[in-house]
J.: 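So that we are looking at the same thing, I have put the structure below in structure tokens.
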Amino acid sequence: MSDLRSKISEIKKVQSDLISGASSTKALDQIYLGLFSKKHGEITSLLKELAGLSLEDKKELGPALNELQKELKVAIESKKKELEKAKLSDPLIDLTYPEKPKSSGMLHPISQVIREMNAFFRYYGFSIAEGPEIETEEFNFRKLNLPRGHPATDLQDTLYVTGGTLLSTHTSSIEARVLTEHELPIRVAFPGKCYRNETVNSTNAAFFHQYQGLAVDKSITMEHLKGVLERFHQYLFGDNVELRFRYKYYPEVTPGLGVDLKCQFCDGKGCKVCSQRGWIEVLGSGMVHPNILKMCGIDSEEYTGFAFGMGLDRLVMQRYGIDDIRKLYGGVVYK
């Protein structure tokens, strides 16, 4: 018992001196751990010794040990406040200096999905490209098998800047540039902004995003296209996603393949988002038309390829449960 009594006195003297001489709150934290940590704390060890003493000895030394704990904790807290007060009054610290701003907010849903899509296509060997928003008729129409007079070139759909310059109506214009300017084989994907003279409603907008993909090499088939699209939608929506493939005409491809996604809002039962159809058309695709390959200087007898263009905004809406495309671009609430 006398040994325990002397330990209490020694700790009180030594630790009191250490606390009063501490020059930082970090040093005080170390002192606290040295005293009260569960495994190696000096006070903790004394409490374990106290437990093995007789009842009489416990009655004598217990209060002294409790008082020591209280004194040391109060001394540590008091010293911390003293150090913090001295720090605030330090003339070397400019209290008017602006604090580093804290991070807040998050990426726009479209930006998040673009990053996820880029990661998917990079994994499968695609490069990521980009193109201009102000485009020429040559790349926006002519090299995509869209001759003069084609309905898609009508002024009602296309927003012209000047006679031969326009706001890009689809990301396929980037496809034409890639085919013209890069060597084969090609495997590339690219997000982009598109502009059309559209009537704005819950699923259509005059400004929107598309995501385009292109692969040209020897022996590319429709099977490759279908496999890429299936794996992509499983990556984005999960293994249980349901797709519907159907033949559809697109001047840029032959044969053309339209792809519908089972509506995530109504599970195919029909709602305002899918116009009561139960399915949302999310992309057009197909085998690159031989005329396009020829116009871009590629031998269509030796090379084949596939291309697809996704309605990126619609994918984002389905992914995050956003029922009106206008919510993606403004602060107005649409019901």
Side-chain angles (χ1 to χ4, degrees), residues 1-120 122-123 128 191 235-238 316 319-322 327-333:
M1 187 178 80
S2 60
D3 184 47
L4 184 59
R5 186 181 291 108
S6 62
K7 286 181 180 179
I8 292 174
S9 300
E10 180 68 16
I11 289 174
K12 182 175 182 179
K13 179 179 183 303
V14 172
Q15 296 299 330
S16 296
D17 291 341
L18 286 175
I19 292 170
S20 61
S23 59
S24 67
T25 55
K26 186 176 181 180
L28 290 171
D29 290 336
Q30 291 298 320
I31 293 172
Y32 184 91
L33 289 174
L35 290 169
F36 301 107
S37 64
K38 290 184 178 180
K39 289 187 177 181
H40 307 295
E42 292 186 62
I43 298 295
T44 306
S45 298
L46 293 184
L47 288 170
K48 291 178 181 178
E49 288 186 39
L50 182 67
L53 298 179
S54 65
L55 182 60
E56 290 184 1
D57 292 339
K58 287 179 182 179
K59 287 181 179 180
E60 180 180 344
L61 294 177
L65 191 52
N66 288 335
E67 185 64 26
L68 176 61
Q69 288 188 77
K70 183 178 178 180
E71 285 181 13
L72 292 176
K73 287 181 179 180
V74 168
I76 289 172
E77 287 301 315
S78 177
K79 185 64 178 181
K80 273 190 176 182
K81 290 179 181 178
E82 179 185 326
L83 291 173
E84 288 170 355
K85 185 177 180 180
K87 185 178 180 181
L88 290 175
S89 60
D90 188 342
L92 296 178
I93 298 176
D94 184 359
L95 296 179
T96 65
Y97 191 80
E99 185 180 359
K100 184 179 179 180
K102 296 181 180 179
S103 299
S104 62
M106 59 187 295
L107 287 173
H108 191 282
I110 290 176
S111 298
Q112 292 184 54
V113 172
I114 286 176
R115 291 190 179 189
E116 291 181 49
M117 293 170 74
N118 287 348
F120 171 86
R122 281 196 181 103
Y123 178 83
I128 306 300
Y235 164 81
L236 203 62
F237 294 100
V316 172
R319 177 76 182 279
Y320 292 106
I322 301 170
K327 291 179 180 178
L328 294 171
Y329 301 114
V332 180
V333 177

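Note that the structure is predicted; figures quoted are calculated from it, not measured. The figures that follow rest on heavy atoms only: side chains count, while hydrogens, waters and symmetry mates do not.
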J.: To the nearest 0.5 Å, tell me how far K70 NZ sits from K73 NZ.
T.: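 So the gap between those two atoms works out to 11.5 Å.
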
J.: Identify, with sequence neighbours excluded, every residue that meets salt bridge (Lys or Arg N to Asp or Glu O under 4.0 Å) alongside E116.
T.: R319

J.: Taking all non-hydrogen atoms of both residues, which atom of P109 and which atom of V316 are closest, and how far apart?
T.: CB-CG1, 3.7 Å

J.: Could you give the distance from OG1 (T44) to NZ (K38), rounded to the nearest 0.5 Å?
T.: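 Reported value, rounded in 0.5 Å steps: 9.5 Å.
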
J.: Got a sec, which residues hit side-chain hydrogen bond (donor to acceptor under 3.5 Å, both in side chains) with R115, two or more places apart in sequence or on another chain?
T.: none

J.: Give every residue pair that meets the ring pair (Phe, Tyr, Trp, His ring centres under 6.0 Å) criterion with at least one member in residues 14-38, sequence neighbours excluded.
T.: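 Residue pairs with at least one partner in residues 14-38: Y32-F36.
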
J.: Fit a plane to each ring of Y329 and H108, take the angle between them on a 0 to 90° scale, and name the class: parallel (under 30°), tilted (30 to 60°) or perpendicular (over 60°).
T.: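 The arrangement is parallel - the two ring planes meet at less than 30°.
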
J.: Measuring only between side-chain heavy atoms, which start at C-beta, is I76 closer than 4.5 Å to K79?
T.: no

J.: Nearest 0.5 Å please: distance from the CD atom of E10 over to the CD atom of E42.
T.: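 It is 9.0 Å, given to the nearest 0.5 Å.
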
J.: Quick check: do S78 and I19 have side-chain heavy atoms less than 4.5 Å from each other?
T.: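 Of all side-chain heavy-atom pairs linking I19 with S78, none is under 4.5 Å.
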
J.: Enumerate donor-acceptor pairs with a distance under 3.5 Å from any side-chain N or O in residues 23-30 to protein atoms, sequence neighbours excluded.
T.:
residue	atom	partner	partner atom	Å
S24	OG	A27	N	3.2
D29	OD1	K80	NZ	2.7

J.: Only counting residues at least two apart or in another chain, list the ones meeting salt bridge (Lys or Arg N to Asp or Glu O under 4.0 Å) with R122.
T.: none

J.: What closest approach, in Å, do L83 and A22 show between heavy atoms, and which atom pair accounts for it?
T.: CD2-O, 4.0 Å

J.: Who pairs with E67 by salt bridge (Lys or Arg N to Asp or Glu O under 4.0 Å), at least two apart in sequence or on another chain?
T.: none

J.: Mind checking the CD-CD1 spacing from Q69 to I11? Nearest 0.5 Å is all I need.
T.: 10.5 Å

J.: Once side-chain contact (heavy atoms from CB on, under 4.5 Å) is applied, do any residues pair with Q112, and if so which ones, sequence neighbours excluded?
T.: M106, L107, Y320

J.: With no hydrogens and no angle check, is any side-chain donor or acceptor of S20 less than 3.5 Å from a backbone partner on D17?
T.: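 Here the side-chain-to-backbone pair exists.
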
J.: Excluding sequence neighbours, so at least two apart, what forms side-chain contact (heavy atoms from CB on, under 4.5 Å) with S16?
T.: K12, L72

J.: Output all residues satisfying side-chain hydrogen bond (donor to acceptor under 3.5 Å, both in side chains) with E77, sequence neighbours left out; order by chain, then residue number.
T.: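 Expected list: none.
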
J.: Starting at CD1 of I114, measure out to CD1 of I128 and round the result to the nearest 0.5 Å.
T.: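 Going from CD1 on I114 over to CD1 on I128, the span is 10.5 Å.
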
